[in-house]
*Asks:* 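Structure in structure tokens, see below.
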Protein chains: 2
Amino acid sequence: MSQTQMMKGILDGCLLAIIRGKEVYGYEMTERLSDYGFGEVSEGTIYPLLMRMQREGLVTSVKKESTAGPKRKYYSLTDKGHKELEEFLARWKRLEKSVNNAIRQETNEGSEGSG
Amino acid sequence: MSQTQMMKGILDGCLLAIIRGKEVYGYEMTERLSDYGFGEVSEGTIYPLLMRMQREGLVTSVKKESTAGPKRKYYSLTDKGHKELEEFLARWKRLEKSVNNAIRQETNEGSEGSG
DNA sequence: TTTGAATAACTTGCAATGCAAGGTATATTT
DNA sequence: AAATATACCTTGCATTGCAAGTTATTCAAA
């Protein structure tokens, strides 16, 4: 078990969330993710993910000049991307609850009440 | 993206948590997971996981007779399994915070205040 | 005994995805 | 030119969840 295994299928949703906030470029996202607590996420993880999401029509990109280095590729959400993000948020909420249910493991079985 | 992809690297930790509560057998765990909200988790997922965890010394098992069917294989946590569970819980807490940070994405940047 | 269903554990082959390592390219400084 | 930082992309691999199938026990019906 590792931290990275737990991110499978979650990172892409988080990238959608990050992109929703404002236009960002790939290289910048590794810093964002690090700020959020994910640790240092490899570029070998980020770029293939962004390219796939673009291929699927979830994001679009435009190149803009940088003050120090090659052009940056800024990503934005499409309508489809917004919908996918909403669905991800629902899946995440469900997973979060499920896992917390499992690790709760209180001794009182059969007294969950009426929910 | 699918629900199952998001469970990678998380399910094993949840199984450890379930086993900690009390002795359980594999077939029963699919029902438990369903109760917790994971949906119907395949036996093809559960059994290989349990066998690996046993090979790694995280759990032990004893066979006990069933009232209806073949013998059940009840699992318990080893000391190593307890430690692994603690580490999983820490990783999960961190992931949970990181994801929630990422999806928070409030418009007010740089004005988070003191929480 | 045979057939069928429920319980219970295990195996095989496949698909999805994160990542180390490496490659390409631009701008600045020495 | 060489070194450093920025910025993007590709290849090959390991991990892990799962559909589908196998084996085996118990109970019920014929």
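Lettering follows sequence order; numbering is per chain, from 1.
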*Asks:* Can you measure A:K63 atom NZ to D:dC8 atom C1' for me and round it to whole angstrom units?
*Replies:* 7 Å
*Asks:* Using the side-chain heavy atoms of B:T45, tell me which of these nucleotides is nearest: C:dA9, D:dT10, D:dC18.
*Replies:*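 In terms of side-chain proximity for B:T45, the closest of C:dA9, D:dT10, D:dC18 is D:dC18.
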*Asks:* Say you draw a straight line from CD1 of A:I19 to SG of A:C14; how long is it, rounded to the nearest 0.5 Å?
*Replies:*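 It comes to 11.0 Å.
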*Asks:* Between C1' on D:dT25 and OH on B:Y27, what's the gap in Å once rounded to a whole number?
*Replies:*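 Checked: the OH to C1' distance equals 13 Å.
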*Asks:* Quick check for you: among C:dA9, D:dG17, C:dT17, whose closest atom lies nearest to any side-chain atom of B:K8?
*Replies:* D:dG17
*Asks:* Applying salt bridge (charged side-chain N to carboxylate O under 4.0 Å, His left out), run through B:R72 and B:E28 and close with a yes or a no.
*Replies:* CA-CA 10 Å; B:R72 296 166 176 166; B:E28 186 184 8; over 6 Å; no
*Asks:* Hey, which of these two, A:E65 or A:V41, hits DNA chain C nearer its 5' end, going by closest nucleotide?
*Replies:*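 Of the two residues, A:V41 wins.
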*Asks:* Look at B:Y47 and C:dT11 and indicate whether a side-chain polar atom (N or O) is within less than 4.0 Å of OP1 or OP2.
*Replies:*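 No.
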*Asks:* Taking atom CZ of A:F38 and atom CG of A:L11, what is their separation to the nearest 0.5 Å?
*Replies:* 6.0 Å
*Asks:* In whole Å, I'd like the distance from the CD atom of B:E28 to the C1' atom of C:dA6.
*Replies:* 16 Å
*Asks:* Side chain of B:M51, heavy atoms from C-beta onward: which of D:dT10, C:dA8, C:dT11 has the nearest atom to it?
*Replies:*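 Closest nucleotide to the B:M51 side chain: C:dT11.
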*Asks:* From the set D:dT10, D:dC9, D:dC18, return the single nucleotide nearest to any side-chain atom of B:S42.
*Replies:* D:dC18
*Asks:* Which whole-number value in Å describes the distance from B:I46 CD1 to C:dC10 P?
*Replies:* 12 Å
*Asks:* When you measure from the side chain of A:P70, which nucleotide among D:dT15, C:dA25, C:dT17 comes out closest?
*Replies:* C:dA25
*Asks:* Give the intermediate values and the outcome of salt bridge (charged side-chain N to carboxylate O under 4.0 Å, His left out) for residues A:E23 and A:K73.
*Replies:* CA-CA 9 Å; A:E23 277 192 336; A:K73 205 167 171 182; over 6 Å; no
*Asks:* Could you state the CD-P distance from A:Q3 to C:dA20, rounded to the nearest angstrom?
*Replies:* 13 Å
*Asks:* Please report the interatomic distance CZ(B:F88) to NZ(B:K93), rounded to the nearest 0.5 Å.
*Replies:* 10.0 Å
*Asks:* Go through C:dC19, C:dA9, D:dC18 for me and flag the one nearest to the B:E43 side chain.
*Replies:* C:dA9
*Asks:* Would you kindly give the CE-to-C1' distance between B:M7 and D:dT16, to the nearest whole Å?
*Replies:* 10 Å
*Asks:* OP1 or OP2 of C:dT17 sitting under 4.0 Å from any side-chain N/O of A:R52?
*Replies:*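 For C:dT17, OP1/OP2 do have a side-chain N/O of A:R52 under 4.0 Å.
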*Asks:* Using a cut-off of 4.0 Å on non-hydrogen atoms, how would the nucleic acid contact of B:S66 be classed: base, sugar-phosphate, or nothing?
*Replies:*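 Answer is sugar-phosphate: B:S66 comes under 4.0 Å of backbone atoms only.
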*Asks:* Could you state the CG-P distance from B:L50 to C:dT11, rounded to the nearest angstrom?
*Replies:*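 After rounding, the gap between these two atoms is 12 Å.
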*Asks:* Any chance the side chains of A:E43 and A:T30 put a donor and an acceptor closer than 3.5 Å?
*Replies:* no
*Asks:* Contact class for A:G26 vs. all strands (heavy atom < 4.0 Å): base, sugar-phosphate, or nothing?
*Replies:*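 Counting heavy atoms under 4.0 Å across all strands, the contact made by A:G26 is with sugar-phosphate only.
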*Asks:* Mind checking if A:K73 touches a base, just sugar-phosphate, or nothing, with heavy atoms under 4.0 Å?
*Replies:*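 Since only primed, P, OP1 and OP2 atoms lie under 4.0 Å of A:K73, the category is sugar-phosphate.
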*Asks:* Give one of base, sugar-phosphate or nothing for B:L49, where a contact means two heavy atoms less than 4.0 Å apart.
*Replies:* sugar-phosphate
*Asks:* Over how many whole Å does the gap from A:K71 atom NZ to D:dA5 atom P extend?
*Replies:*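 Answer to the nearest Å: 25 Å.
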